[in-house]
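Report on one structure; see the data block that follows.
First the proteins, then the strands, lettered A, B, ... as listed; each starts at 1. Quantities reported herein were computed from a predicted structural model and do not represent experimental measurements.
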2 protein chains.
Amino acid sequence: MTAAAAPANRSNAPASWPACSACRAGASGVYAPLHRTTQDNISAVRTEFVSVRANALISRAGETPACVHTLRRGWAMQVAHLSDGRRQILHFFVPGDLLNVEALLLGERAQDASIRALTEADLCSFPVESARTLFDASPAQRESLLDYTRAYIAGLSRRLADIGQRSAQGRMAQLLLELWERLRARALVTDDSFEMPVRQEHLADALGMTPVHVNRTLGALRAAGIIGFDRKTMHVLDGARLRKVAEDE
Amino acid sequence: MTAAAAPANRSNAPASWPACSACRAGASGVYAPLHRTTQDNISAVRTEFVSVRANALISRAGETPACVHTLRRGWAMQVAHLSDGRRQILHFFVPGDLLNVEALLLGERAQDASIRALTEADLCSFPVESARTLFDASPAQRESLLDYTRAYIAGLSRRLADIGQRSAQGRMAQLLLELWERLRARALVTDDSFEMPVRQEHLADALGMTPVHVNRTLGALRAAGIIGFDRKTMHVLDGARLRKVAEDE
DNA sequence: CGACATCTTGAGAGACCTCAATGATGGTGG
DNA sequence: CCACCATCATTGAGGTCTCTCAAGATGTCG
């Protein structure tokens with residue numbers, strides 16, 4: 001079930017959809033160049049605005065994605081599944097991210113990973129074809145897309161090196177720093193703290209460890225006074241030491 | 001030092017370089033469509049044929065690659081480095097692979113990983129610009145490039161899931177199967193065995209484990225009668241059970 | 001033959017996992 | 001409003017996997 005096929009809630013009147021001009025994804029995401037110059041064109045090709053529930057499947061592995069989505073609210077994750085049910089979270093998407101961007105570059109090829117909502121989330125959908133046309137219109141925009149793709153590949157490579165080479169604390173610190181940076185770029189960090197609607201179970205599947213050990217790892221960082229957290233908020237108390245842990249362990 | 005800048009051996013006379021028509025990379029690699037129809041064009045843009053020694057640096061992280069290379073003989077690896085010297089091998093290249101293909105797609109961006117020869121190797125070099133022109137000439141060829149890129153990303157994702165979720169035996173089995181498949185596609189497998197000029201230390205850096213444990217893992221697979229190997233040759237004795245280990249562990 | 005790289009093996013330590021129980025938190029229905 | 005429930009976080013104890021350190025064996029090359 002894709003979001004486009006069976007939205008939990010749908011506004012049928014495009015007029016009632018939230019304005020693209022107010023979109024954080026537009027202002028600071030992959031298509032910022034486009035957003036600055038031709039906002040109307042963006043609105044024109046938006047075919048859907050949906051809210052999905054936590055855990056909703058947004059894009060299914062093995063299918064060719066029909067739409068690119070803007071994640072306007074909530075978090076999502078990209079997941080690879082092993083045949084026996086184990087799963088690896090490849091990437092966390094935060095508000096303002098674009099989902100399925102690879103489809104613009106790679107054409108109508110099947111995805112080998114799913115995208116699933118982590119929380120309740122709002123999505124805007126753009127058919128791949130129209131989005132590609134839009135992106136091709138401006139050289140700056142094309143550049144931005146290629147940069148995004150390069151960064152995506154670099155992110156995968158870095159995560160691979162992290163999981164392959166670093167200890168639990170190092171991996172955790174790397175992930176927290178990455179999220180911290182990305183959320184700060186979206187103005188979602190205040191007072192060195194940010195909402196992190198991710199269960200420890202998700203961190204475990206992203207970092208290649210068990211939920212129990214995620215808990216102990218976070219506990220150690222908290223005991224050291226490096227981070228503070230509760231169920232929903234992560235607080236970076238000592239960025240310098242967090243960076244040191246991320247580098248050294 | 002890139003291969004182009006300081007080759008170990010260089011044939012100055014293009015006429016003496018091995019013919020593109022006899023190139024395994026051409027016949028079965030990314031640019032097979034091109035190779036079938038316009039071989040002369042390929043030869044025309046080849047700017048270099050070099051042999052490099054084992055361990056030679058072919059493409060340096062942080063620089064923007066000037067050339068795409070065909071690996072005509074020998075093995076190579078793509079490596080990401082951590083600040084403290086630990087390294088993660090992201091990919092093994094086998095004879096017939098193309099190196100730096102991402103440069104065609106992503107433009108003149110800096111690589112974040114190096115490419116290094118694993119063995120003595122022969123390379124043909126093609127400037128990125130000419131290669132891109134060639135590739136853009138045919139739709140089939142463009143498709144092939146996109147397929148290659150998608151497969152590259154899929155490979156990274158799969159390795160990430162392997163290292164994150166599987167045990168040492170599972171990872172090892174996955175890697176052996178992958179190499180087996182890829183080498184078979186190049187007709188480099190005979191009698192279920194193939195040359196594997198890779199030190200156990202390299203397997204360790206690729207799979208996120210220590211050389212000692214690589215040894216014990218291989219030993220266990222050998223003791224189980226699943227594989228046989230010596231310093232240079234890997235023999236798959238029981239493909240079915242190897243696949244089972246790869247899936248289950 | 002020596003020098004060197006690589007493989008192999010052992011023994012002990014540490015990191016991480018499994019199983020299992022207890023606490024928190026937030027939502028829901030009575 | 002409270003009792004109940006599901007979900008998630010936390011903690012303990014013991015086991016397993018993988019690592020570290022170290023020694024010896026094997027192969028390779030000049």
Has the side chain of A:R166 got a donor or acceptor atom that lies under 3.5 Å from a matching backbone atom of A:E247?
yes
Value rounded to 0.5 Å, distance of CZ in A:R87 from NE2 in A:H81:
6.5 Å
Please name all residues satisfying salt bridge (charged side-chain N to carboxylate O under 4.0 Å, His left out) with A:D191, sequence neighbours left out, ordered by chain then number.
none
Can you give me every donor-acceptor pair (side chain of residues 220-231 of chain B, partner residue at least two apart or in another chain, under 3.5 Å) with its distance?
from	atom 1	to	atom 2	distance (Å)
B:R222	NH1	B:F229	O	2.9
B:D230	OD1	B:K232	N	2.9
B:D230	OD1	B:T233	N	2.8

Heavy-atom nearest pair, A:A154 first then B:D112, reads CB-OD2, 2.9 Å
I'd like a list of close polar pairs between nucleotides 7-10 of chain D and the protein, N/O only, cut-off under 3.5 Å.
from	atom 1	to	atom 2	distance (Å)
D:dC8	O3'	A:R199	NH1	3.4
D:dC8	O2	A:R231	NH2	3.0
D:dA9	OP1	A:R199	NH1	3.3
D:dA9	OP2	A:Q200	N	3.2
D:dT10	OP1	A:R222	NH2	2.7
D:dT10	OP2	A:Q200	NE2	2.8
D:dT10	OP2	A:N215	ND2	2.7
D:dT10	O5'	A:N215	ND2	3.3

Going by side chain to side chain donor-acceptor pair (under 3.5 Å), name the residues that satisfy it together with A:R243, two or more places apart in sequence or in a different chain.
none
Under 3.5 Å, N/O pairs linking protein and nucleotides 14-16 of chain D:
none

Using 30° and 60° as the class limits, which term best fits the ring planes of B:H91 and B:F93: parallel, tilted or perpendicular?
perpendicular
At a heavy-atom distance below 4.0 Å, which nucleotide of DNA chain C is the first touched by chain B, and which is the last?
C:dT6 to C:dA11
Could you tell me whether the side chain of A:L176 reaches within less than 4.5 Å of the side chain of A:V236, counting heavy atoms only?
no
Could you verify whether a donor N or O on one side chain and an acceptor N or O on the other, from B:T217 and B:Q169, lie under 3.5 Å apart?
no
Residue mapping more 5' on DNA chain C - nearest nucleotide basis, A:K232 or A:T210
A:T210
Side-chain (A:D205) to main-chain (A:H202) donor-acceptor, under 3.5 angstrom:
no
